[in-house]
Amino acid sequence: MDRLSQDELRALDKEELSLVEQSLGDLTRLGGSQLADLVRRLRDRRDRARDLADRQRREARGKAEPAGLHPAGGDEGMRLKKQVLTAALDRATAAQDAGRS
């Protein structure tokens with residue numbers, strides 16, 4: 001946990017935080033199917049954060065209709081979430097690749 005800043009912790013929900021914490025731990029203790037599941041779940045969350053950030057950015061620029069009552073003011077939070085999830089995904093993917101060789 002000491003490797004994540006307060007802003008990063010605030011950007012993640014409980015499930016995402018759990019996934020990121022797993023990627024910070026010893027990934028060699030995970031079996032092949034567990035590691036593949038972690039990679040899949042991280043990728044799904046990262047892709048969702050990317051898509052939401054794109055939508056929020058378009059709303060803020062006035063290029064898209066707001067999804068809620070008010071248009072998004074920016075995408076900073078989702079962008080940070082995407083960065084944290086991408087870093088976790090990179091760690092998990094590297095561990096998965098190392099296990100294959």
Side-chain angles (χ1 to χ4, degrees):
M1 288 293 293
D2 58 344
R3 292 160 87 177
L4 294 176
S5 72
Q6 289 298 317
D7 288 336
E8 292 169 336
L9 290 172
R10 195 172 22 256
L12 301 172
D13 67 23
K14 287 181 182 179
E15 183 179 345
E16 292 162 346
L17 181 58
S18 172
L19 295 172
V20 170
E21 286 174 341
Q22 285 180 20
S23 77
L24 291 170
D26 183 17
L27 293 174
T28 59
R29 66 176 169 73
L30 295 177
S33 63
Q34 290 173 321
L35 190 55
D37 183 55
L38 177 63
V39 168
R40 180 188 55 77
R41 292 171 62 202
L42 282 167
R43 187 173 289 125
D44 288 346
R45 290 296 184 136
R46 189 253 346 243
D47 291 349
R48 182 176 185 278
R50 180 195 59 214
D51 294 346
L52 287 173
D54 289 346
R55 181 184 53 78
Q56 288 174 347
R57 192 169 33 257
R58 288 183 55 77
E59 282 181 22
R61 291 190 333 241
K63 301 262 183 184
E65 291 296 318
L69 293 176
H70 306 287
D75 65 338
E76 294 83 20
M78 278 297 152
R79 215 172 355 157
L80 177 60
K81 180 184 284 205
K82 185 186 90 162
Q83 290 171 352
V84 173
L85 291 170
T86 298
L89 179 60
D90 290 345
R91 286 189 297 272
T93 303
Q96 191 176 42
D97 292 344
R100 289 183 187 156
S101 8

Can you list, pair by pair, the side-chain donor-acceptor contacts under 3.5 Å of residues 27-35, counting residues two or more places apart and other chains?
from: T28; atom 1: OG1; to: D26; atom 2: OD1; distance (Å): 2.5
from: T28; atom 1: OG1; to: D26; atom 2: OD2; distance (Å): 3.1
from: R29; atom 1: NE; to: D26; atom 2: O; distance (Å): 3.4
from: Q34; atom 1: OE1; to: G31; atom 2: N; distance (Å): 3.0

**Fill in**
Applied to residues 82-91, the salt bridge (Lys or Arg N to Asp or Glu O under 4.0 Å) test, sequence neighbours excluded, yields none
**Asked** Under a single-linkage definition using a 4.5 Å side-chain heavy-atom cutoff for Ile, Leu, Val, Met, Phe, Trp and Tyr, are L38 and V20 assigned to the same hydrophobic cluster?
**Response** yes
**Item:** Worked check of salt bridge (Lys or Arg N to Asp or Glu O under 4.0 Å) between D51 and R55
**Value:** CA-CA 6 Å; D51 294 346; R55 181 184 53 78; over 6 Å; no
**Asked** What residues form a side-chain contact (heavy atoms from CB on, under 4.5 Å) with R45, not counting sequence neighbours?
**Response** D13, E15, E16, L19, L85
**Item:** Note: R48-D44 ion pair, threshold 4.0 Å (strictly below)
**Value:** no
**Message:** Between the side chains of D47 and R43, is the shortest nitrogen-to-carboxylate-oxygen separation below 4.0 Å, so that they form an ion pair?
**Reply:** no
**Request:** Would you name the heavy atoms of L80 and D7 that are closest together and state the gap between them?
**Result:** CD2-O, 3.5 Å
**Prompt:** Does one hydrophobic cluster hold both L12 and L52, with members joined at side-chain heavy-atom distances below 4.5 Å?
**Reply:** no
**Item:** Straight-line distance of L42 CG to T86 OG1, nearest 0.5 Å
**Value:** 9.5 Å
**Complete:** Q56 and D75 have their tightest heavy-atom pair at OE1-CA, 3.6 Å
**Item:** Heavy-atom closest pair, residues A11 and G77
**Value:** CB-O, 4.2 Å
**Item:** Nearest heavy atoms of K81 and A49, plus distance in Å
**Value:** CD-CB, 4.0 Å
**Joint hydrophobic cluster, L9 plus M78, side-chain heavy atoms closer than 4.5 Å** = no
**Message:** Hydrophobic cluster membership, with links at side-chain heavy-atom distances under 4.5 Å among I/L/V/M/F/W/Y: are L17 and V39 in one?
**Reply:** yes
